[in-house]
**Q** 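Once you've had a glance at the structure underneath, I'll fire off some questions.
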Number of protein chains: 2
Amino acid sequence: MDTIETSKPQTEADDLVAYLRDTARLDADTPTALYQRLEDALRGAIRDRVLPPGGVIPGERELAQRLSISRVTIRKAIRALVDDRLLVQRQGARTAVAERVEKPVSVLTSFSQDMLARGLAPGTVWLAKDMGVALPAEAMELGLSPGTEVCRLRRLRTADGQPMALELSIVPAAYLPSPDLVETSLYTVLEERGHSPSRALQRMRSSIVGGNEAKLLGVPPGAPILEIERRVFLEGGQTVEYCRSLYRGDTYDFLVELHR
Amino acid sequence: MDTIETSKPQTEADDLVAYLRDTARLDADTPTALYQRLEDALRGAIRDRVLPPGGVIPGERELAQRLSISRVTIRKAIRALVDDRLLVQRQGARTAVAERVEKPVSVLTSFSQDMLARGLAPGTVWLAKDMGVALPAEAMELGLSPGTEVCRLRRLRTADGQPMALELSIVPAAYLPSPDLVETSLYTVLEERGHSPSRALQRMRSSIVGGNEAKLLGVPPGAPILEIERRVFLEGGQTVEYCRSLYRGDTYDFLVELHR
DNA sequence: CATGTGACTGGTCCTAAACTGGTTGCGTAC
DNA sequence: GTACGCAACCAGTTTAGGACCAGTCACATG
């Protein structure tokens, strides 16, 4: 028999059990699988710091008994979190919450944040701000119906006063009613208006700069540039920005983290 | 929240059943086929988030009973949505609403996989394979003690027969005892030997190709190239490969997915 | 101090019941 | 023929129990 006789007043464990019982709605009769609900509840407990990083969770048997759930189910839920690197299991030792969730480097940042992270002072020179009906190509990239209004922002971005990139941003007027709302950071304005970018796809290629753009960037024609085409999405999947940038190849590099 | 569900324990299921009953007009005598109406109703339920993505729908038998409809009809309606990838069926498990399946783009891939994903046939021309004591710079990049043995692989990678990239890979001999083990794919060999890459950091910049490399890549000197420097890590964090590549700027672009 | 024991941990295996979708066959109505 | 209903069976999943192994850790013993 694998019985358990614990009655120690472990407040932490009690808190967790209570949290799980509430969050997973163990008694409710939902169509969702039990282990699935428990998994989500555990995920929430880690997110809400009910389970602090580095802390340990109660034993599987104890959890099973106190939640009136089979150990199989507990293990199935835990297993999913272990696969996601949120929990760490070691035979013989208790299951623990992962110490540090490695913050991925592939993070969606604005130009300003990017430069600050490099220890450079970001700056902006406005080249054009306008508004109008989306061109067919723009409507296509943004997933808009033809005829929708869009804002266009054309800027020279600088770092420590030196030209770093040319940027053309196109944003549906639904998210940015006027280009004049943007002082320096487009993303700040979007966030303030409740349209937080959540995801982006970015295509990069190496290319050669032409005459006009070379002058603006302060490099000789024929210098290498990093062409970046970026489509930024909201939580719901709607495209909130389409952006084409030319970064100076001699002073800019892009860092990505790749997985699995 | 827990106390409100006195009259009806299955809130979620009840909501759906009510929604379907209303939307599909089950009792009405319309020329439209019953399964057709049910299908549209289910489609609406998904669109209106009555059925959230990732959620599960009640079992076919339960639906059939509660809607007073045959299971055959239920299945016929569900079948259509499965064909449209709106629902996901798995024998033994409940039918679930499809998650938005944005395939992750920031994935660690080998050159071969990358080219295949682009619909191109990957190829390799060996320029050099050798082995020796790590140079100080190499030891530094790989995090090795000075004097450790490393393998060096220098390859011209082709796509559909055309030169695409020059690649110099450096791998500690502990993970690759001999450079001759690699036929075409380094990652395949590493995986077979139990050293699966799990994570990589990649730095990219735009640059100009020099004379020798231009000849190998089949582009004129001064053509734009994408310089990629990649450090690949194992699960445990040890560096398993340090790689420098030059990709042709005119035919190669790199796609990344960024979050939050 | 070292060390060994025992209680506890997760890892793995098993049985079993109650469900799930998958499939087939038979029947009725239009 | 198509639409619809009913029923049985198969295969897979979920959940509940249990038992045993192997690793970990705290604590008493020397």
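Chain identifiers are assigned alphabetically (A, B, ...) following the order of the sequence lines, protein sequences preceding nucleic acid strands; residue numbering begins at 1 within each chain.
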**Q** How close or far is atom C1' of D:dC20 from atom CD of A:Q91, stated in whole angstroms?
**A**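 To the nearest whole Å, that distance equals 12 Å.
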**Q** On DNA chain D, does the nearest nucleotide to A:S68 precede the nearest nucleotide to B:S70 from the 5' side, or the other way round? Give the residue.
**A**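 The residue closer to the strand's 5' end, by nearest nucleotide, is B:S70.
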**Q** Give B:I78 one of three labels, base, sugar-phosphate or nothing, depending on what nucleic acid heavy atoms sit under 4.0 Å from its own.
**A**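 The answer is nothing, as B:I78 stays clear of every strand by at least 4.0 Å.
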**Q** Would you say D:dC4 has OP1 or OP2 under 4.0 Å from some side-chain N or O of B:Y35?
**A**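 Indeed not, no polar side-chain atom of B:Y35 lies that close.
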**Q** Please find the pair of heavy atoms, one from A:Y19 and one from A:A41, that lie closest to each other, and give the distance.
**A**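 Residues A:Y19 and A:A41, closest heavy atoms: CE2-O, 3.4 Å.
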**Q** Would you say A:T30 and A:R37 are linked by a side-chain donor-acceptor pair, where the criterion is simply a distance under 3.5 Å?
**A**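 Yes, side-chain donor-acceptor contact under 3.5 Å.
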**Q** Are OP1 or OP2 of C:dG10 and a side-chain N or O of A:T95 less than 4.0 angstrom apart?
**A**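 Checking C:dG10 against A:T95, a side-chain N or O does come within under 4.0 Å of OP1 or OP2.
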**Q** Starting at CD1 of B:I74 and ending at P of D:dC6, how long is that distance when rounded to a whole Å?
**A**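 One finds 11 Å between P of D:dC6 and CD1 of B:I74, rounded.
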**Q** Examine the side chains of B:E241 and B:Y187 and answer whether a donor and an acceptor come within less than 3.5 Å of each other.
**A**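 Judged by distance alone, the side chains do pair up.
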**Q** What's the CZ-C1' distance between B:R71 and D:dA8, to the nearest Å?
**A**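 Distance check: B:R71 CZ to D:dA8 C1' gives 11 Å.
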**Q** Just how far, in rounded Å, is P of C:dA18 from CG of A:L34?
**A**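 Computing the A:L34:CG to C:dA18:P distance gives 17 Å.
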**Q** How close or far is atom P of D:dA16 from atom CG of A:L63, stated in whole angstroms?
**A**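 A:L63 atom CG is separated from D:dA16 atom P by 13 Å.
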**Q** Check whether the side chain of B:R61 and the base of C:dG21 form a donor-acceptor pair under 3.5 Å.
**A**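 Answer is yes: a donor-acceptor pair is held.
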**Q** For A:R75 and B:A93, take the nucleotide of DNA chain C holding the closest heavy atom to each; which residue's nucleotide lies nearer the 5' end?
**A**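 The answer here is A:R75.
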**Q** What orientation do B:F111 and B:Y247 show, parallel under 30°, tilted 30 to 60°, or perpendicular over 60°?
**A**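 Judged by the thresholds at 30° and 60°, the geometry between B:F111 and B:Y247 is tilted.
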**Q** Checking only heavy atoms, does the side chain of B:R79 share a donor-acceptor pair with the base of C:dG22 at less than 3.5 Å?
**A**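 There is none.
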**Q** For D:dT14, does OP1 or OP2 lie under 4.0 Å from any side-chain N or O of A:T73?
**A**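 No, because none of the side-chain N or O atoms of A:T73 sits under 4.0 Å from OP1 or OP2 of D:dT14.
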**Q** Expected output is a numbered-order residue list: members of residues 81-88 of chain B with a heavy atom under 4.0 Å from any atom of DNA chain D. What is it?
**A**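 Going residue by residue through residues 81-88 of chain B, none turns out to have a heavy atom under 4.0 Å of DNA chain D.
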**Q** Kindly indicate whether the side chain of A:R94 and the base of C:dG10 share any N or O donor-acceptor pair separated by less than 3.5 Å?
**A**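 Flag unset: no donor-acceptor pair detected.
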**Q** Using 0.5 Å steps for rounding, measure from the CZ atom of B:R154 to the NZ atom of B:K129.
**A**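 Going from CZ on B:R154 over to NZ on B:K129, the span is 15.0 Å.
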**Q** What verdict does the salt bridge (charged side-chain N to carboxylate O under 4.0 Å, His left out) test give for B:E138 and B:R152, after you've listed the backbone C-alpha separation in whole Å, the side-chain angles of each residue and the deciding distance to 0.1 Å?
**A** CA-CA 10 Å; B:E138 293 169 349; B:R152 301 188 189 86; 2.8 Å; yes
**Q** To the nearest Å, give me how far apart CD (A:E60) and C1' (D:dG17) are.
**A**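 Going from CD in A:E60 over to C1' in D:dG17 covers 15 Å.
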**Q** Would you say A:K76 reaches D:dT14's phosphate, i.e. side-chain N/O to OP1/OP2 under 4.0 Å?
**A**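 The answer is yes; a side-chain N or O of A:K76 sits under 4.0 Å from OP1 or OP2.
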**Q** Give A:R90 one of three labels, base, sugar-phosphate or nothing, depending on what nucleic acid heavy atoms sit under 4.0 Å from its own.
**A**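 Counting heavy atoms under 4.0 Å across all strands, the contact made by A:R90 is with sugar-phosphate only.
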**Q** Using whole Å, what does the distance between atom C1' of nucleotide D:dA22 and atom CD of A:Q89 come to?
**A**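 My rounded result for the distance is 15 Å.
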**Q** Donor-acceptor pair, distance only, cut-off 3.5 Å: does the side chain of B:T23 make one with the backbone of B:L20?
**A**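 Side chain of B:T23 to backbone of B:L20: no pair is present.
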**Q** Does NZ or CZ of A:R199 lie under 6.0 Å from the centre of the six-membered ring of A:F233, at an angle within 45° of the ring axis?
**A**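 Yes, cation above the ring, under 6.0 Å and within 45°.
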**Q** Without decimals, in angstroms, what is the distance between B:I69 CD1 and D:dC6 C1'?
**A**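 Atom CD1 in B:I69 sits about 15 Å away from atom C1' in D:dC6.
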